[in-house]
Protein chains: 2
Amino acid sequence: MSAVTIGEAARATGVSAKMIRYYEETGLLAPAGRTAAGYRLYTEADLHALRFVRRARDLGFTMEDIRALLALWHDRARASAQVRRLALDHVADLRRRIDALDGMARTLEDLAAHCGGDARPDCPILDDLASGPHGRPGATPRQGERDPGASPSRRGTR
Amino acid sequence: MSAVTIGEAARATGVSAKMIRYYEETGLLAPAGRTAAGYRLYTEADLHALRFVRRARDLGFTMEDIRALLALWHDRARASAQVRRLALDHVADLRRRIDALDGMARTLEDLAAHCGGDARPDCPILDDLASGPHGRPGATPRQGERDPGASPSRRGTR
DNA sequence: CTTGACCTTCCCACCATGGGAACCCCCACA
DNA sequence: TGTGGGGGTTCCCATGGTGGGAAGGTCAAG
């Protein structure tokens with residue numbers, strides 16, 4: 001007993017029922033038990049795992065990362081170094097994305113600072129945009145230049 | 001004359017042919033001219049617009065934002081204040097995302113700092129994850145707290 | 001005339017998430 | 001016993017930008 005349905009599990013863990021099914025479907029979580037009628041049932045241990053996933057998502061981990069973290073969690077003989085590695089790699093990723101966003105923000109602030117922001121049409125922001133993709137002329141000088149080996153489709157880190 | 005095909009336009013602007021077609025399809029850019037055989041043709045003005053879009057994407061603007069920026073660009077009577085507003089709103093958005101990412105990074109760094117990172121299995125990082133979604137108990141105290149009015153489905157800002 | 005580089009359209013995939021339809025199940029209440 | 005409502009189930013679709021690839025038309029050089 002003490003197993004709950006998916007709705008209650010969702011409420012108890014902050015993971016939507018949709019996502020719980022999705023996690024099961026993609027093999028992130030083991031298939032839940034079922035009632036005779038086909039309803040999914042979640043034990044306290046299942047809820048624990050769901051909260052684990054929720055927390056990891058909140059910390060920005062990828063599903064792939066979470067898969068690894070769950071495996072380590074269940075492996076009672078793991079070396080904490082492995083977990084640490086995963087966490088710090090993720091931090092590095094976060095910092096990279098932060099830097100990218102920060103560069104954008106700085107550039108825009110620079111441009112906005114030189115923009116009248118009044119009723120006249122002259123606008124250095126548009127002028128900059130219209131000047132096309134340039135290797136950041138003034139703001140935030142860096143040397144990476146076009147970042148050839150960046151992971152696919154993450155330009156804006158959006 | 002002096003109009004080029006989509007491949008050359010892509011090379012000249014740094015926007016992939018795929019994306020050029022996509023921008024046209026979604027109405028971000030006006031349909032390009034065509035040769036008798038149906039090949040798209042790009043004038044210097046078209047290339048200019050493509051570079052504009054590229055630059056705006058590099059600065060992290062949404063397609064929606066870019067739509068507005070293009071309209072302002074083409075409106076020779078625009079008030080620069082409008083452009084400035086758009087830019088600064090976007091900066092605020094960037095800063096919000098940065099804060100979120102930074103919070104995650106800090107938390108993880110905190111946890112990693114207390115993790116042995118050796119061959120033993122004890123690991124505060126996993127312990128934290130296993131403790132489920134909590135309102136950041138120790139690490140990185142801030143007051144934003146769960147950000148109730150945040151735009152939908154951007155938890156991790158990923 | 002063939003070859004190869006280019007163009008066209010169309011469909012599929014990603015990742016994580018939500019929306020909704022169509023249908024089934026269970027419980028409480030009259 | 002019938003019914004209503006609030007669950008659950010599966011399945012499909014959409015998002016935002018981006019890439020991959022197939023099937024077929026076009027063009028210039030050899």
Side-chain angles (χ1 to χ4, degrees), chain A residues 3-29 31-42 50 53-67 90 93 97 100 147-158, chain B residues 3-29 31-42 50 53-67 90 93 97 100 104 150-158:
Chain A
V4 297
T5 59
I6 200 170
E8 282 170 279
R11 251 164 278 134
T13 62
V15 182
S16 73
K18 278 264 155 140
M19 291 316 297
I20 297 178
R21 292 196 196 96
Y22 173 71
Y23 293 152
E24 175 178 323
E25 184 188 299
T26 59
L28 187 72
L29 298 174
R34 301 276 187 145
T35 67
Y39 283 22
R40 286 178 182 79
L41 284 180
Y42 295 87
L50 280 170
V53 172
R54 170 65 146 90
R55 174 78 178 135
R57 301 279 311 123
D58 281 350
L59 288 173
F61 283 101
T62 332
M63 305 278 293
E64 216 46 48
D65 287 339
I66 298 178
R67 215 173 285 275
H90 180 49
D93 190 38
R97 284 150 69 184
D147 192 12
S151 74
S153 73
R154 164 162 294 162
R155 227 203 5 265
T157 75
R158 198 180 2 277
Chain B
V4 297
T5 58
I6 201 170
E8 283 171 276
R11 253 165 277 134
T13 62
V15 182
S16 75
K18 278 264 157 144
M19 291 317 297
I20 297 179
R21 293 195 195 96
Y22 174 71
Y23 292 153
E24 174 178 323
E25 183 188 301
T26 58
L28 187 72
L29 299 174
R34 299 278 186 145
T35 67
Y39 283 23
R40 286 180 182 79
L41 284 180
Y42 295 87
L50 280 171
V53 172
R54 171 66 147 87
R55 175 77 176 137
R57 298 281 313 125
D58 282 350
L59 288 173
F61 283 101
T62 330
M63 306 278 295
E64 217 46 48
D65 287 339
I66 297 179
R67 215 174 285 276
H90 180 50
D93 190 38
R97 283 149 70 183
M104 301 178 200
S151 72
S153 76
R154 164 163 293 165
R155 224 198 11 260
T157 74
R158 195 175 13 272

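Considering only side-chain atoms of A:Ile6, the nucleotide from C:dA16, D:dG8, C:dT8 that sits closest is D:dG8. Considering only the side chain of B:Met19, D:dT18 comes nearest among D:dT18, D:dT9, C:dT17. For B:Ser16, counting side-chain heavy atoms from C-beta on, the closest listed nucleotide (C:dC7, D:dG8, D:dG19) is D:dG19. Listed nucleotides C:dA16, C:dT17, D:dG17 differ in distance to A:Thr62; the shortest reach to its side chain belongs to C:dA16. The side chain of A:Thr5 lies closest to D:dG7, out of C:dC26, D:dG7, C:dC7. Nearest to the side-chain atoms of B:Tyr22 among the listed nucleotides C:dA16, D:dG17, D:dT10 stands D:dG17. Ranking D:dG7, D:dT26, C:dT9 by closeness to the A:Tyr39 side chain, first place goes to D:dG7.
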Quiz item: Between A:Val15 and A:Arg54, is a side-chain contact (heavy atoms from CB on, under 4.5 Å) present by the stated rule, with each step listed?
Solution: CA-CA 6 Å; A:Val15 182; A:Arg54 170 65 146 90; 3.7 Å; yes
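Counting atom types as modelled, A:Lys18 pairs a side-chain N or O with a base atom of C:dG20 as donor and acceptor under 3.5 Å.
As rounded to whole Å, 10 Å separates atom C1' of C:dA5 from atom CZ of B:Arg11. For the pair B:Ile20 CD1 and C:dT8 P, the interatomic distance rounds to 10 Å; values are reported in whole Å. Atom CD of B:Glu25 is separated from atom C1' of C:dC11 by 12 Å (rounded to the nearest Å). We find that OH of B:Tyr42 is positioned 7 Å from P of C:dT8, with the value rounded to whole Å. Between the C1' atom of C:dG18 and the OH atom of A:Tyr23 lies a distance of 13 Å, rounded to the nearest Å. The separation between A:Glu8 atom CD and C:dC27 atom P is 13 Å, rounded to whole Å. Regarding B:Leu41, its CG atom lies at a distance of 11 Å from the P atom of C:dC7, rounded to whole Å. The nearest whole Å value for the distance from the CG atom in A:Leu28 to the C1' atom in C:dT17 is 14 Å.
Within the nucleic acid shown, A:Arg40 comes within 4.0 Å of sugar-phosphate atoms alone, with no base atom in reach, counting heavy atoms only.
Phosphate contact (OP1/OP2 of D:dG8, side-chain N/O of A:Arg21, threshold under 4.0 Å): absent.
Along DNA chain D, the nucleotide nearest to B:Ala37 and the one nearest to B:Glu64 differ in position, and the one closer to the 5' end is contacted by B:Glu64. Toward the 5' end of DNA chain C, the nearer of the two residues B:Arg34 and A:Met63, judged by each one's closest nucleotide, is B:Arg34.
A:Arg67 has a carboxylate O that lies under 4.0 Å from a charged side-chain N of A:Glu64, or vice versa, which qualifies the two as a salt bridge.
Of all the heavy atoms in A:Arg57 and A:Tyr23, the pair that sits closest is CD-OH, 3.7 Å. The two atoms that bring B:Arg21 and B:Ile6 nearest to each other are CG-CD1, 3.5 Å, heavy atoms only.
In this structure, B:Val53 and B:Leu28 have side chains that are in contact, with non-hydrogen atoms separated by less than 4.5 Å.
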